[in-house]
**Student:** 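Let me begin by handing over the structure; questions about it come next.
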Amino acid sequence: MGYWLMKSEPDVFGLEHLKKMPNKTEHWDGVRNYQARNFMRDGMKVGDQILFYHSNCEVPGIVGIAQVVREAYPDHTAFDPEAKYHDPKSDPENPRWYMVDVQYVRHLKRNISLHELKGHAEQLPDFPLLRKGNRLSVIPVSEQAWKYILDLE
DNA sequence: GCCAACGTTGGC
DNA sequence: GCCAACGTTGGC
C-alpha cells in the first residue's frame with residue numbers, strides 16, 4: 001500500500017469540498033509539475049492512502065485522509081483552451097498531464113499544523129514537506145512517516 | 001503583501 | 001548547454 005501527501009488550497013478546493021462531491025470523489029486535475037505528475041502517473045495505485053494538506057491558508061497543515069480510487073489518466077483540462085490550466089503542448093494523442101481520482105475518507109480528529117510537524121522534524125527525517133522551499137503538490141510519504149503522523153492525531 | 005525557493009522559458 | 005529573466009508556490 002502506498003502513502004502520499006497532496007496539497008490543496010482550502011479556499012479553492014479543500015477537504016470539505018471533496019467530501020461534498022458526488023461519491024465524495026473528484027478528479028485531481030491541474031497538476032502541471034513533472035515530478036508531481038510522475039508520482040501520480042507512475043506511483044499511485046487504487047487504494048493508496050493520502051494525507052490531505054491545506055496550503056496557502058491561515059493554518060497550513062494536514063486536515064484529513066483521502067484515497068486513490070482511479071489510477072492516472074489524461075488530464076483533459078489541459079486540452080481545453082478555456083481552462084485555467086490549459087497547456088497547448090498537451091493534446092489527446094500525446095497527453096502531457098495526468099490526473100487521478102481521489103475520494104474523501106475522513107477528517108482527522110484535529111488538524112496537524114505545519115508548525116506542529118516542524119517540531120517533529122527529528123522523527124520525520126525524510127518528510128519532504130519539512131524541507132525548505134518544497135513546492136511539490138504531490139509527495140510520497142513513507143509508511144513510518146504515515147504512522148508517526150497519524151499517531152499525533 | 002513580501003520574499004525565498006525553485007521550475008520553466010528562451011536567447012545566445 | 002548555459003544562464004538570466006520570469007512566473008509560481010506558499011509560509012509568514
Side-chain angles (χ1 to χ4, degrees), chain A residues 2-21 26-44 48-68 72-142 144-146 148-153:
Chain A
Y3 300 99
W4 306 89
L5 180 143
M6 287 176 123
K7 290 182 190 170
S8 193
E9 302 186 20
D11 295 341
V12 180
F13 190 86
L15 191 56
E16 286 295 339
H17 296 95
L18 184 61
K19 188 181 181 180
K20 287 175 184 151
M21 297 305 292
E26 180 63 303
H27 48 265
W28 206 260
D29 62 356
V31 172
R32 297 291 180 269
N33 171 284
Y34 288 104
Q35 217 180 331
R37 179 204 67 183
N38 293 345
F39 285 138
M40 281 201 305
R41 189 187 58 186
D42 307 332
M44 281 191 170
D48 281 5
Q49 300 292 295
I50 300 162
L51 294 172
F52 202 101
Y53 179 87
H54 280 174
S55 67
N56 244 323
C57 55
E58 201 173 335
V59 184
I62 297 164
V63 296
I65 295 172
Q67 64 181 350
V68 179
Y73 58 106
D75 182 344
H76 56 77
T77 67
F79 311 145
D80 177 3
E82 304 296 316
K84 183 181 176 191
Y85 295 107
H86 175 235
D87 182 353
K89 292 171 187 160
S90 186
D91 63 74
E93 276 74 49
N94 190 18
R96 175 178 293 204
W97 305 112
Y98 287 80
M99 58 189 176
V100 296
D101 284 358
V102 165
Q103 182 177 47
Y104 174 88
V105 174
R106 67 179 179 89
H107 276 77
L108 299 188
K109 296 187 208 92
R110 65 181 190 86
N111 295 353
I112 300 173
S113 69
L114 178 63
H115 177 260
E116 178 177 356
L117 287 169
K118 283 179 175 171
H120 298 270
E122 275 186 31
Q123 290 83 8
L124 297 166
D126 301 322
F127 202 53
L129 202 63
L130 300 178
R131 278 211 292 268
K132 205 175 180 182
N134 157 64
R135 290 169 47 189
L136 268 186
S137 60
V138 179
I139 300 169
V141 173
S142 70
Q144 295 92 316
W146 175 272
Y148 184 86
I149 288 167
L150 289 186
D151 277 345
L152 298 174
E153 186 182 357

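Protein chains get the first letters and strands the later ones, always in sequence-line order, with residue 1 at the start of each. We use all heavy atoms of the structure for the numbers below, so side chains are in, but hydrogens, waters and symmetry mates are not.
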**Student:** Side chain to side chain contact (heavy atoms under 4.5 Å, CB included) with A:P10: which residues, sequence neighbours excluded?
**Tutor:** A:H54, A:C57

**Student:** Just jot down the ring-ring contact (aromatic ring centres under 6.0 Å, His included) partners of A:Y3, sequence neighbours excluded, or say none.
**Tutor:** A:W146

**Student:** Show me the side-chain donor-acceptor pairs of residues 86-94 of chain A shorter than 3.5 Å, one per line, residues at least two apart or across chains.
**Tutor:**
residue	atom	partner	partner atom	Å
A:D87	OD1	A:K89	N	2.9
A:D87	OD2	A:W97	NE1	2.8
A:S90	OG	A:R96	N	2.8
A:D91	OD1	A:E93	N	3.0
A:D91	OD1	A:N94	N	3.0

**Student:** Show me, pair by pair, the donor-acceptor contacts under 3.5 angstrom made by side chains of residues 117-131 of chain A, not counting sequence neighbours?
**Tutor:**
residue	atom	partner	partner atom	Å
A:H120	ND1	A:Y148	OH	2.7

**Student:** Residues in side chain to side chain contact (heavy atoms under 4.5 Å, CB included) with A:A36, at least two apart?
**Tutor:** A:V31, A:N33, A:L136, A:S137, A:V138

**Student:** What residue pairs, at least two apart or across chains, pass salt bridge (charged side-chain N to carboxylate O under 4.0 Å, His left out) with a residue in residues 100-116 of chain A?
**Tutor:** A:R106-A:E153, A:K109-A:E153, A:R110-A:E116

**Student:** At how many degrees, to 10°, do the end axes of the helix from B:dG1-C:dC12 to B:dC12-C:dG1 meet when each uses five pairs?
**Tutor:** 10°

**Student:** When the aromatic ring centroids of A:F52 and A:W28 are compared, is their separation below 6.0 Å?
**Tutor:** yes

**Student:** Can you list the residues that meet the side chain to side chain contact (heavy atoms under 4.5 Å, CB included) rule with A:Q67, with sequence neighbours excluded?
**Tutor:** A:Q49, A:V69, A:Q103, A:V105

**Student:** Checking A:R135 now: which residues fulfil side chain to side chain contact (heavy atoms under 4.5 Å, CB included) with it, not counting sequence neighbours?
**Tutor:** none

**Student:** Produce a footprint string for nucleotides 4-11 of chain B: one letter per nucleotide, 5' end first; B if the base is under 4.0 Å from any protein heavy atom, S if only the sugar-phosphate is, - if neither.
**Tutor:** -BB-SS--

**Student:** Heavy-atom nearest nucleotide on DNA chain C for A:K118 versus A:Y85: which residue maps closer to 5'?
**Tutor:** A:Y85

**Student:** How would you list, by chain and number, every residue that makes a ring-ring contact (aromatic ring centres under 6.0 Å, His included) with A:Y104, sequence neighbours excluded?
**Tutor:** A:H107

**Student:** Taking only nitrogen or oxygen atoms into account, show me every contact under 3.5 Å that the protein makes with nucleotides 1-3 of chain C, one pair per line with its distance.
**Tutor:**
none

